[in-house]
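Each remark here refers to the structure printed beneath this line.
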Amino acid sequence: MDTGGSDGNPCDSVRVRKRLLVVVGLLVVAALVWVFWPSTATAPQPLAPDELAARDAGSRRAIDQTRDFVSSVPVFVTVVDGQGLPVPDVTLSLGDGETQTGGDGKASFSGRIGEVLQIHLPHRSANGNEPMVHGPREDWVIPVVLPCDGDILLRHADGRPAVDWSVSLQGYAGSTKTDLEGRIQNIPRPCGEVTARFYAPDTDARLPWQTVHVDGPQALELWLPPLHSGELLVVDAETLEPLDVTVQRSTKAVTLDALARGHFAITSYHALPTLVLEIPGQQDRYVKTPLDGELFVVPIDADRQVEVTLLCDLCPEQLTCQDVPCRGQGGWWDCTCLPALSFIEGDGMRLAEVQPGVTEMTLDLRKGTIVGHWTGKRPCSVFATSEVWARSADAGCEPDGSFRLDVPAGTWNVEVDWFEEEAGNTGWFTVEAGQTVDVGAVQPEDNIVSGYIDADFELDAWLLTAPWGQATVYPDGYFEISGVPADVGDIRVILQTAAHGRWDTVLRTDESIVWTIRWQTDHGAVRPEDLRSSPDSGWDSGDTG
């Protein structure tokens, strides 16, 4: 019996197949690891100062900054109004502490560097927000805009009380209705300039903002704008005969009265309201109607039929023209469009504009191909936009940076990026049906600037830059700033820490730095005169390099 081969032994054949499956499985796993394993570019490896020096020989710059630390300082606050007069009984909070101003508008307590002082007013301030100041500083004089409590009187243009109108004041929450005298009693509002908006009774129709000025808490008298009136006549553009039309209001602050076929009387607080004309058998028309006391005639052209021929690999299942479904299927469609500019849409995309006067058109939706190569960090993503509204395509790059997009024929721009931190684009080019366009190498247009922060405290921090770039600082001090425009010569780099204040320097985009910062011994609480004699111990001191 032959035992040296597998031809006659089924078990040997099974073992061979198992070995092949294991080998194939290992190859698949290796391929997946190659494709999906992040490169060192996606997860930067921190570099020590000497490694940075070796890598950036000749361009590295050393920056040293030292700052004394003051744990807490006495804070003196004076709150004044717009005329500079003290404001008593205003609640102040700083960190966990809270106090109130006395009769002289003053208050004092201790605060820590970086805390936020908040002023809590009896009502919201005129801009809708409570004042908030970063600090602390030793002496604050803070002006606030206080509300006045007073009545509001709302009247029609002819002097009649405006009853059941809602009044909303800019910067103050909610709205309140007027009574039978057109009055709203004792509501908070700014002292001085007041901006108000009015809502018609039992509707959500609102009038434009109106700004008036009043001194002090006396009653504020507001006036509704005068009513505008006019007439609308809708006629057939060819026969000039009145059309059977229904007019809908786009706002409830419009009053309509039907006078005859296609003829309406209109009144409104708006001088140019928009009306919707509903015509049997035709699409709705939107028209702005000037209310100047005259008759406004609107001629209506009949809808036009547009024959649409599609050239496509896979045609849309339905076409529409201005939201009206077309009739047909495949490559032949009959669309009903407005006389003016319209749009053919299909599969959720706007495919083409239908210019006035056009009755026949051919759309080439057959596919073309875009290929190229990204030279930046990977993995990358590719996004193509067309000159045709709402038409786009996207894909991912291969591990070697190559990419391919299948798109409808037309004019396209391709953008490639690496996590929105490196980006480049191709500019506009034309793709024809069945054609492959090679856009070549796409290079990043932004810089990545790196450095190392050598700090004697834990870097619970984040980086800010100007001009803006995507900034990351790692716990061991290595940082990268990406997305900096290539034509920027230098940037301001700000290190904001949660417990150790703010540090900043200026960095050229063609260099890296080792940034050494030291936090001196805690000196404990100090007196105001100590602060005045030691400006470098404040919350905003330090050499900016």
Between [X] and [Y], do the side chains contain an N or O donor and an N or O acceptor separated by less than 3.5 Å?
| X | Y | value |
| --- | --- | --- |
| Ser392 | Thr385 | no |
| Gln305 | Thr336 | yes |
| Gln322 | Ser342 | no |
| Ser166 | Lys177 | no |
| Asp164 | Thr178 | no |

*If you take all heavy atoms of Leu363 and Ala352, which pair is closest and at what distance?*
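The answer is CD2-CB, 3.4 Å.
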
*Which residues satisfy the side chain to side chain donor-acceptor pair (under 3.5 Å) test with Asp406, sequence neighbours excluded?*
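Here the qualifying residues are Thr369.
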
*asked:* Does Ser93 form a side chain to side chain donor-acceptor pair (under 3.5 Å) with Glu98? I'd like the steps, not just the answer.
replied: CA-CA 4 Å; Ser93 63; Glu98 186 173 284; 5.2 Å; no

*Roughly how far, to the nearest 0.5 Å, is the CG atom of Leu272 from the OG1 atom of Thr289?*
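The OG1 atom of Thr289 sits 7.5 Å away from the CG atom of Leu272.
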
*To the nearest 0.5 Å, tell me how far Ile184 CD1 sits from Asp179 CG.*
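Between atom CD1 of Ile184 and atom CG of Asp179 there are 8.5 Å.
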
*Tell me, do Val382 and Leu405 make a side-chain contact under 4.5 Å, heavy atoms counted?*
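Heavy-atom side-chain distance check passes, below 4.5 Å.
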
*Beyond-backbone contact of Ile344 with Val354, side-chain heavy atoms, under 4.5 angstrom*: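 Yes, side chains in contact.
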
*Can you tell me if the gamma sulfurs of Cys337 and Cys321 fall under 2.5 Å?*
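Answer is yes, sulfur atoms closer than 2.5 Å.
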
*Begin from the C-alpha positions of Arg183 and Asp151 and carry the test salt bridge (charged side-chain N to carboxylate O under 4.0 Å, His left out) through to its verdict.*
CA-CA 7 Å; Arg183 181 186 300 271; Asp151 291 359; 3.0 Å; yes

_Note: Asp417-Lys377 ion pair, threshold 4.0 Å (strictly below)_ =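 Result for this pair is no, no salt bridge flagged.
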
_Whether Asp334 and Arg327 form a salt bridge (side-chain N of Lys/Arg under 4.0 Å from carboxylate O of Asp/Glu) is what I want to check._
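Salt bridge present between Arg327 and Asp334.
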
*Under 30°, 30 to 60°, or over 60°: which ring-plane class applies to Tyr269 and His156, parallel, tilted or perpendicular?*
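Geometry flag for His156 against Tyr269: parallel rings.
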
*Run the numbers on Arg285 and Asp303 for salt bridge (charged side-chain N to carboxylate O under 4.0 Å, His left out), then give the verdict.*
CA-CA 11 Å; Arg285 305 311 204 259; Asp303 293 338; 3.1 Å; yes

